[in-house]
Amino acid sequence: EVQLVESGGGFVQAGGSLRLSCTASGFPSGFTFSDYILGWFRQAPGKEREEVAGISGDDGMTFYLASVKGRFSILKDNAKNMVILEMNNLKAEDTAVYYCAARVETYGSKWSDGMDSWGKGTRVTVSS
């Protein structure tokens with residue numbers, strides 16, 4: 001497992017923007033940031049956790065929840081071991097605790113399966 005620390009949550013009005021960051025550290029011997037697939041998940045009050053966006057460590061391919069496509073962007077900065085979620089045109093239904101997650105990238109499985117490293121989460125509240 002690697003250590004993940006999120007930042008950037010907060011309170012915003014509907015239509016506004018927020019930028020979440022997640023910094024990774026503590027890679028096992030022989031592994032680097034580029035060996036990991038990274039993602040953002042969220043959990044709203046009373047709801048199950050859902051996958052929001054993911055990014056491949058290998059080729060940078062991105063994946064998005066349908067309801068955030070076109071509004072959210074996931075990107076990574078390999079030099080800083082950081083994955084970022086840029087969120088625009090936020091809606092009240094985006095209100096949740098957002099978690100950063102990671103696993104060593106393998107092939108043949110869904111990007112969001114098998115995440116074994118998790119951050120503690122950062123809260124995003126969108127007022128309507």
Side-chain angles (χ1 to χ4, degrees):
E1 294 184 7
V2 300
Q3 287 74 55
L4 302 171
V5 179
E6 305 99 336
S7 62
F11 183 92
V12 65
Q13 291 188 335
S17 299
L18 281 175
R19 186 176 188 260
L20 306 183
S21 299
C22 172
T23 303
S25 62
F27 299 103
S29 177
F31 290 89
T32 68
F33 186 67
S34 297
D35 293 316
Y36 286 79
I37 191 163
L38 304 143
W40 289 93
F41 295 72
R42 68 186 181 187
Q43 187 164 20
K47 295 187 177 181
E48 293 188 356
R49 186 175 64 198
E50 64 179 353
E51 57 200 58
V52 177
I55 187 166
S56 168
D58 183 19
D59 58 12
M61 183 177 292
T62 56
F63 312 89
Y64 293 98
L65 177 69
S67 64
V68 308
K69 198 172 293 186
R71 299 189 297 121
F72 290 12
S73 296
I74 186 170
L75 56 150
K76 62 190 182 83
D77 184 335
N78 288 332
K80 297 181 178 179
N81 291 345
M82 184 182 292
V83 60
I84 295 160
L85 185 68
E86 295 184 338
M87 306 185 294
N88 298 307
N89 191 22
L90 283 159
K91 303 177 180 181
E93 52 263 42
D94 296 318
T95 294
V97 177
Y98 284 71
Y99 298 89
C100 177
R103 63 168 171 84
V104 173
E105 186 156 16
T106 56
Y107 297 93
S109 61
K110 186 179 179 183
W111 75 267
S112 53
D113 288 344
M115 293 294 187
D116 56 12
S117 297
W118 293 85
K120 294 183 178 180
T122 185
R123 186 174 300 276
V124 171
T125 303
V126 184
S127 67
S128 57

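Contact detail for Glu6 and Gly121: the closest heavy-atom pair is OE1-N, 2.9 Å. Closest approach of Met61 and Phe63 over heavy atoms only: O-CE1, 3.6 Å. Of all the heavy atoms in Ser128 and Ala14, the pair that sits closest is CA-CB, 4.2 Å.
A ring-centre distance under 6.0 Å is not found for Trp111 and Tyr36.
Counting heavy atoms from C-beta outward, Cys22 and Trp40 have side chains that approach closer than 4.5 Å. Using a 4.5 Å heavy-atom cutoff, the side chains of Leu65 and Glu50 are in contact. Side-chain contact between Val126 and Glu93 is absent, with no heavy-atom pair separated by less than 4.5 Å. A 4.5 Å side-chain heavy-atom check between Asp94 and Met87 finds every atom pair outside the cut-off. Residues Trp118 and Lys120 fail the side-chain proximity criterion, which asks for heavy atoms closer than 4.5 Å. Side chains of Ser73 and Tyr64 form a contact here, defined as non-hydrogen atoms less than 4.5 Å apart. For the pair Phe31/Val2, no side-chain contact is recorded, criterion being any heavy-atom separation below 4.5 Å from C-beta on. Residues Ile74 and Val83 have side chains in contact (heavy-atom distance under 4.5 Å, counting atoms from C-beta outward).
In this structure, CZ in Arg42 is found 5.5 Å from CZ in Phe72, a value given to the nearest 0.5 Å. Note that CZ of Phe27 and CG of Asn81 are 4.0 Å apart. Values are rounded to the nearest 0.5 Å. Rounding to the nearest 0.5 angstrom, the gap separating the CZ atom in Phe11 from the CZ atom in Arg123 is 12.5 Å. Atom-to-atom distance recorded for Leu18:CG and Glu86:CD is 11.0 Å, nearest 0.5 angstrom. Considering CD1 of Ile55 and CG of Leu75, their distance stands at 6.5 Å, rounded to 0.5 Å. Here the OG atom belonging to Ser21 is positioned 9.0 Å from the NZ atom belonging to Lys80, to the nearest 0.5 angstrom.
Put simply, Leu38 and Val68 are part of the same group of oily side chains (I, L, V, M, F, W, Y) that touch within less than 4.5 Å, one to the next. In this structure, Met115 is a member of the same hydrophobic cluster as Tyr99, with clusters built from ILVMFWY side-chain heavy atoms closer than 4.5 Å.
The closest donor-acceptor contact from the side chain of Thr122 to the backbone of Gly9 lies under 3.5 Å.
Counting non-hydrogen atoms of neighbouring residues, nucleotides and ligands closer than 6.0 angstrom, the CD atom of Gln13 reaches no more than 12 such neighbours.
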